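First up is the structure itself, then whatever we jot down about it.
A quick note: this is a predicted structure, and the numbers were derived from the prediction, not measured. We number each residue from 1, following the sequence as shown. Whatever order the structure lists them in is the order used to number ligands and atoms, beginning at 1.
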Amino acid sequence: MDKIVVEGGGRLVGSISISGAKNAALPILAASILPSGPSTFKNVPQLQDVATMAKLLRRLGGEVDGKKTMVVHPPHGRKLKLEAPYELVKTMRASVLVLGPLVARFGKARVSQPGGCAIGTRPIDQHLRGLEAMGAKIHLDHGYVDVECKRLRGATIVLDMPTVTGCENLMMAAALAKGRTVIENAAREPEVEDLALLLNKMGARVQGAGTAIITIDGVDELQPVEHTIIADRIEAGTFAVAAAVTRGDVLLEGAQAEHMDAMLAKLRGAGVTVTVERGGVRVRGGGDLRPVDITTQPHPGFPTDMQAQFMMMATQARGESMIKETIFENRFMHVPELARMGADIHTDGRVAVIRGPRKLTGAPVMATDLRASASLVIAGLVASGKTEVLRVYHLDRGYEAIEKKLRGVGAKIKRVKA
Ligand code: UD1
């Protein structure tokens with residue numbers, strides 16, 4: 001297996017081009033199932049998760065061509081197969097995003113039930129409850145969910161929590177349902193808004209995306225479109241933290257500051273200089289970092305996907321920081337690895353207390369999820385000596401060419417092929 005080797009110590013200076021958002025690309029690629037012709041997507045990030053979604057779309061009988069610009073012919077004809085198999089869902093939970101579009105367009109679908117994952121149990125009960133409210137019959141057997149409904153009908157759905165992919169699945173299903181669907185306690189993430197924009201270009205009638213109530217008036221058919229995916233706010237935030245902890249000066253080219261309010265506020269609170277420029281967001285570290293007090297929340301609150309990176313930053317701040325994780329129950333796997341590099345972190349349930357600043361020393365480390373792995377790469381940038389981050393496949397799921405982008409701003413980092 002590949003590993004990433006980092007020599008710590010240098011400042012990051014220059015600019016990094018931010019890729020398209022993984023979490024926008026995945027639902028948008030799934031939405032390509034809704035019209036009957038091919039759609040074109042631009043600014044698609046080159047990631048393992050995107051490759052998995054492309055593989056799934058092909059498995060369903062679709063055709064996928066291109067990379068950064070992707071043309072997707074939806075499943076049709078004799079190759080049509082309405083099943084998302086276990087082998088794909090187990091490698092990427094977001095595979096479940098094809099459920100809503102398949103049922104809406106073809107009247108049924110069979111999707112492997114995602115099991116637990118490293119960061120928690122992550123059920124899909126809200127996705128299923130919503131589809132049931134829209135008239136679908138749901139049957140669970142042999143680890144699969146079978147969903148069937150000739151034509152979904154609009155319903156009022158109150159989500160128990162603002163689940164991101166759950167909300168997206170239901171929006172896509174409702175776009176072709178008969179009548180009006182209202183999703184209350186909806187997710188407000190920018191990626192949900194990007195999906196709504198795409199659906200409306202296709203001819204759907206979605207209102208309120210970005211707020212807690214989304215209304216969808218179903219239509220009989222949707223048209224293929226061309227769409228450019230928004231910038232990845234989590235990738236941008238990750239590099240922002242890397243710039244801050246190395247006392248660097250980095251322009252995050254193409255980053256959309258309006259999607260990053262909570263994390264930029266926390267960076268500024270930590271003493272980092274953040275300026276919004278025409279080409280993106282500039283982040284400058286310099287003086288001593290101040291401690292942070294963070295609770296992860298659904299958007300517009302502080303994103304759970306930035307928690308591990310900010311915890312790494314807190315190890316370099318003068319004083320005591322506190323980080324509370326409220327979205328996932330088991331998302332502190334980076335803690336023992338950071339501790340092995342010299343961090344002082346105590347956890348109690350969902351709360352972590354971090355005391356700094358601590359000198360970190362390089363070590364071989366590994367993590368069991370994507371963002372935790374990113375926090376270890378950043379730790380390697382400030383640690384003395386050599387850090388080896390193992391299990392690079394986690395990083396490849398969600399960061400496009402992370403080592404190349406960091407090398408471009410002066411980091412001593414390389415990938416060592418197995
Ligand atoms: C999405 C993001 C992921 C991010 C997460 C939280 C994508 C592809 N992934 O994941 O990067 O970390 O949002 O911002 O967009 N829940 C239920 N029942 C459900 C659905 C969710 O109990 O049916 C719970 C989950 O276990 C979790 C919480 O709701 O505790 C939020 O999860 P959710 O928003 O669904 O995360 P994902 O959409 O899977």
Side-chain angles (χ1 to χ4, degrees), residues 20-31 45 47-50 52-53 56 88-89 91-100 111 113-133 138 140 145 147 157-173 183 185-196 212 229-230 232-235 237-238 259-260 262-263 295-310 324-333 350 369-375 394-395 397-399:
K22 166 175 90 73
N23 288 355
L26 297 175
I28 282 171
L29 288 171
L47 304 170
Q48 195 50 49
D49 274 8
V50 167
T52 304
M53 183 56 88
L56 175 56
L88 291 180
V89 180
T91 62
M92 184 181 74
R93 302 174 42 79
S95 304
V96 76
L97 282 165
V98 300
L99 181 58
V111 172
Q113 261 182 288
C117 73
I119 61 176
T121 47
R122 299 181 82 173
I124 55 161
D125 56 302
Q126 301 298 306
H127 306 228
L128 301 182
R129 211 169 49 84
L131 290 170
E132 208 163 29
I138 292 175
L140 306 178
V145 189
V147 181
I157 300 160
V158 185
L159 295 172
D160 286 351
M161 73 290 289
T163 156
V164 179
T165 49
C167 191
E168 292 164 343
N169 234 336
L170 297 175
M171 285 162 68
M172 293 187 278
I183 305 174
N185 196 22
R188 290 181 280 168
E189 270 67 4
E191 294 78 16
V192 173
E193 281 188 75
D194 203 25
L195 175 65
I229 288 161
I230 55 172
D232 196 313
R233 63 197 165 99
I234 305 299
E235 188 200 24
T238 302
H259 297 159
M260 300 170 69
M263 58 178 127
T295 301
T296 62
Q297 297 280 341
H299 194 79
F302 187 90
T304 174
D305 286 350
M306 284 302 302
Q307 181 256 107
Q309 301 89 315
F310 270 70
K324 185 171 183 195
E325 172 59 55
T326 72
I327 307 293
F328 294 113
E329 64 262 32
N330 184 25
R331 208 174 195 184
F332 282 155
M333 284 97 52
R350 290 175 175 235
D369 94 283
L370 166 59
R371 308 302 171 185
S373 301
S375 78
H394 289 299
L395 282 167
R397 288 188 52 190
Y399 289 94

Exercise. With heavy atoms under 4.0 Å as the rule, classify the contact between Arg331 and ligand 1 as side chain, backbone, both or neither.
Key: side chain

Self-check item: Polar contact flag for Asn23 and ligand 1 (N/O pairs, less than 3.5 Å)
Solution: yes

Quiz item: Just checking, is any N or O donor in the side chain of Gln126 or Asp160 under 3.5 Å from an acceptor N or O on the other one?
Solution: yes

Quiz item: Between Thr165 and ligand 1, does any nitrogen or oxygen pair lie at a separation below 3.5 Å?
Solution: yes

Quiz item: Going by distance only, is there an N or O of Ile327 that falls short of 3.5 Å from an N or O of ligand 1?
Solution: yes

Quiz item: Is there at least one pair of N or O atoms, one from Thr163 and one from ligand 1, spaced under 3.5 Å apart?
Solution: yes

Self-check item: Which of the ligand 1 atoms, numbered from 1, are nearer than 4.0 Å to a heavy atom of Val164
Solution: 1 (C), 13 (O), 15 (O), 33 (P), 34 (O), 35 (O), 38 (O)

Practice problem: Would you check, one step at a time, whether the test side chain to side chain contact (heavy atoms under 4.5 Å, CB included) holds for Leu97 with Met172? | Solution: CA-CA 9 Å; Leu97 282 165; Met172 293 187 278; 4.0 Å; yes

Quiz item: Would Thr326 and Arg350 count as having a side-chain donor-acceptor pair, cut-off 3.5 Å?
Solution: no

Quiz item: What closest approach, in Å, do Leu159 and Ala186 show between heavy atoms, and which atom pair accounts for it?
Solution: CD1-CA, 4.2 Å

Self-check item: Test side chain to side chain contact (heavy atoms under 4.5 Å, CB included) applied to Leu99 and Leu131, step by step
Solution: CA-CA 10 Å; Leu99 181 58; Leu131 290 170; 3.8 Å; yes

Quiz prompt | Heavy-atom nearest neighbour of atom 19 (C) of ligand 1 within options Ala187, Pro123, Cys167, Ala94 | solution = Pro123

Self-check item: Thr296 and Glu325: side chain donor to acceptor below 3.5 Å
Solution: yes

Quiz item: Which atoms from ligand 1 have a heavy atom of Asp305 less than 4.0 Å away?
Solution: 3 (C), 4 (C), 11 (O), 12 (O)

Practice problem: Examine Phe328 against ligand 1 and note whether any of their N/O atoms are separated by less than 3.5 Å. | Solution: no

Self-check item: Option with minimal heavy-atom separation from atom 22 (O) of ligand 1, where the choices are His127, Gln126, Met161
Solution: Met161

Quiz item: Say you draw a straight line from CD1 of Ile124 to OG1 of Thr163; how long is it, rounded to the nearest 0.5 Å?
Solution: 10.0 Å

Exercise. Walk me through it: do Arg397 and Asp369 pass the test salt bridge (Lys or Arg N to Asp or Glu O under 4.0 Å)?
Key: CA-CA 9 Å; Arg397 288 188 52 190; Asp369 94 283; over 6 Å; no

Quiz item: If we only count N/O pairs under 3.5 Å, is Thr304 in contact with ligand 1?
Solution: no

Practice problem: Before signing off on this row, confirm whether Asp125 and ligand 1 have an N or O atom pair separated by under 3.5 Å. | Solution: yes

Self-check item: Under 3.5 Å donor-acceptor, Asp232 side chain and Lys22 backbone
Solution: yes

Exercise. Decide whether the shortest distance between a heavy atom of Gln307 and an atom of ligand 1 is less than 4.0 Å.
Key: no

